[in-house]
Each structure stands twice: as structure tokens, then as C-alpha cells.
Amino acid sequence: MAKYQLIMRGEDFLIDLDGKEELLGFYQTIYLEEDSLQKAEHEAVDIIKESDLAELAAVEKNEQARIFLDEIYEVESFDGIENLVQGRA
């Protein structure tokens with residue numbers, strides 16, 4: 001199995017900021033070990049969907065919200081990486 005660094009991008013998420021809803025996006029880096037690039041991408045999307053994102057974003061109100069792969073790199077190891085699922089920026 002190969003090790004991957006995936007940079008995922010979210011777009012058009014309706015986020016409540018101080019009582020006002022705004023369409024925002026994010027980037028999130030996720031490190032995974034999978035059999036293929038496709039499996040890694042699908043797993044990364046699932047990880048994001050199962051995170052606290054549903055609490056933060058009114059996903060059910062906005063069908064335009066999307067999560068997709070922005071960049072992917074095959075890496076030798078995960079040495080020195082403390083969190084395999086990084087925070088969003």
C-alpha cells in the first residue's frame with residue numbers, strides 16, 4: 001500500500017459567522033495509506049464528511065457545497081507527522 005498526502009478543498013459551504021451565513025471554502029491536508037489514488041481520495045472525502053463539518057456548515061441548506069481533491073503526493077513515510085488529519089484553513 002502506498003502512502004499519500006492529499007490536499008482537499010471544500011467550496012461553497014454555508015457557514016454561520018456571528019449570526020450571518022456566508023459561503024466559504026477551506027483546504028485540509030490528510031495523510032492516508034491506501035491501495036490506490038482513487039481509494040485515498042474517496043477515503044479523504046469520507047473523513048471530512050464525518051468530521052465536525054456538519055455542525056459548522058448548513059450542508060442540508062446548500063446543495064452547491066463540494067469537497068474535492070486539489071493536490072495529491074505520494075510520500076515515503078509519515079515520520080514527523082503528528083496528526084494524519086490536519087486542521088482546516
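Counting from 1, the numbers follow the sequence of the chain as shown. Values reported hereafter were calculated over all heavy atoms of this structure, with side chains retained and with hydrogens, waters and symmetry mates removed.
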- Message: Can you tell me how far apart CD1 (I47) and CG (L84) are? Round to the nearest 0.5 Å.
- Response: 8.5 Å
- Measuring from I72:CD1 to I7:CD1, what's the distance to the nearest 0.5 Å?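 Result: 10.0 Å between the selected atoms.
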- Item | Pair I15-E22, side-chain contact (heavy atoms from CB on, under 4.5 Å): steps then yes or no | CA-CA 5 Å; I15 306 286; E22 294 186 40; 5.7 Å; no
- Consider only side-chain heavy atoms of I, L, V, M, F, W and Y, link residues closer than 4.5 Å, and tell whether M8 and V85 are in one cluster.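 Looking at the clustering, V85 is in the same group as M8.
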Less than 3.5 Å apart, which donor and acceptor atoms pair up between the side chains of residues 24-32 and the rest of the protein, not counting sequence neighbours?
from: Q28; atom 1: OE1; to: R88; atom 2: NE; distance (Å): 3.4
from: Q28; atom 1: NE2; to: Q86; atom 2: O; distance (Å): 2.7
from: Y31; atom 1: OH; to: Q5; atom 2: NE2; distance (Å): 3.2

- Item | Close side-chain approach of I67 to F13, heavy-atom, < 4.5 Å | yes
Quiz: residues 34-44 side-chain donor-acceptor pairs under 3.5 angstrom, not counting sequence neighbours:
from: D35; atom 1: OD2; to: K39; atom 2: NZ; distance (Å): 3.3
from: S36; atom 1: OG; to: K39; atom 2: N; distance (Å): 3.1

Under the salt bridge (charged side-chain N to carboxylate O under 4.0 Å, His left out) rule, collect the residues that match up with [X], sequence neighbours excluded.
X: D70; answer: R9
X: R66; answer: none
X: E71; answer: none

- Message: Applying side-chain contact (heavy atoms from CB on, under 4.5 Å), can you list everything that pairs with E82, at least two apart in sequence or on another chain?
- Response: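 Applying side-chain contact (heavy atoms from CB on, under 4.5 Å) to E82 gives none.
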- Item | Smallest separation among heavy atoms of D12 and L23, with atom names |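 Heavy atoms only, the tightest pair is O-CD2, 3.6 Å.
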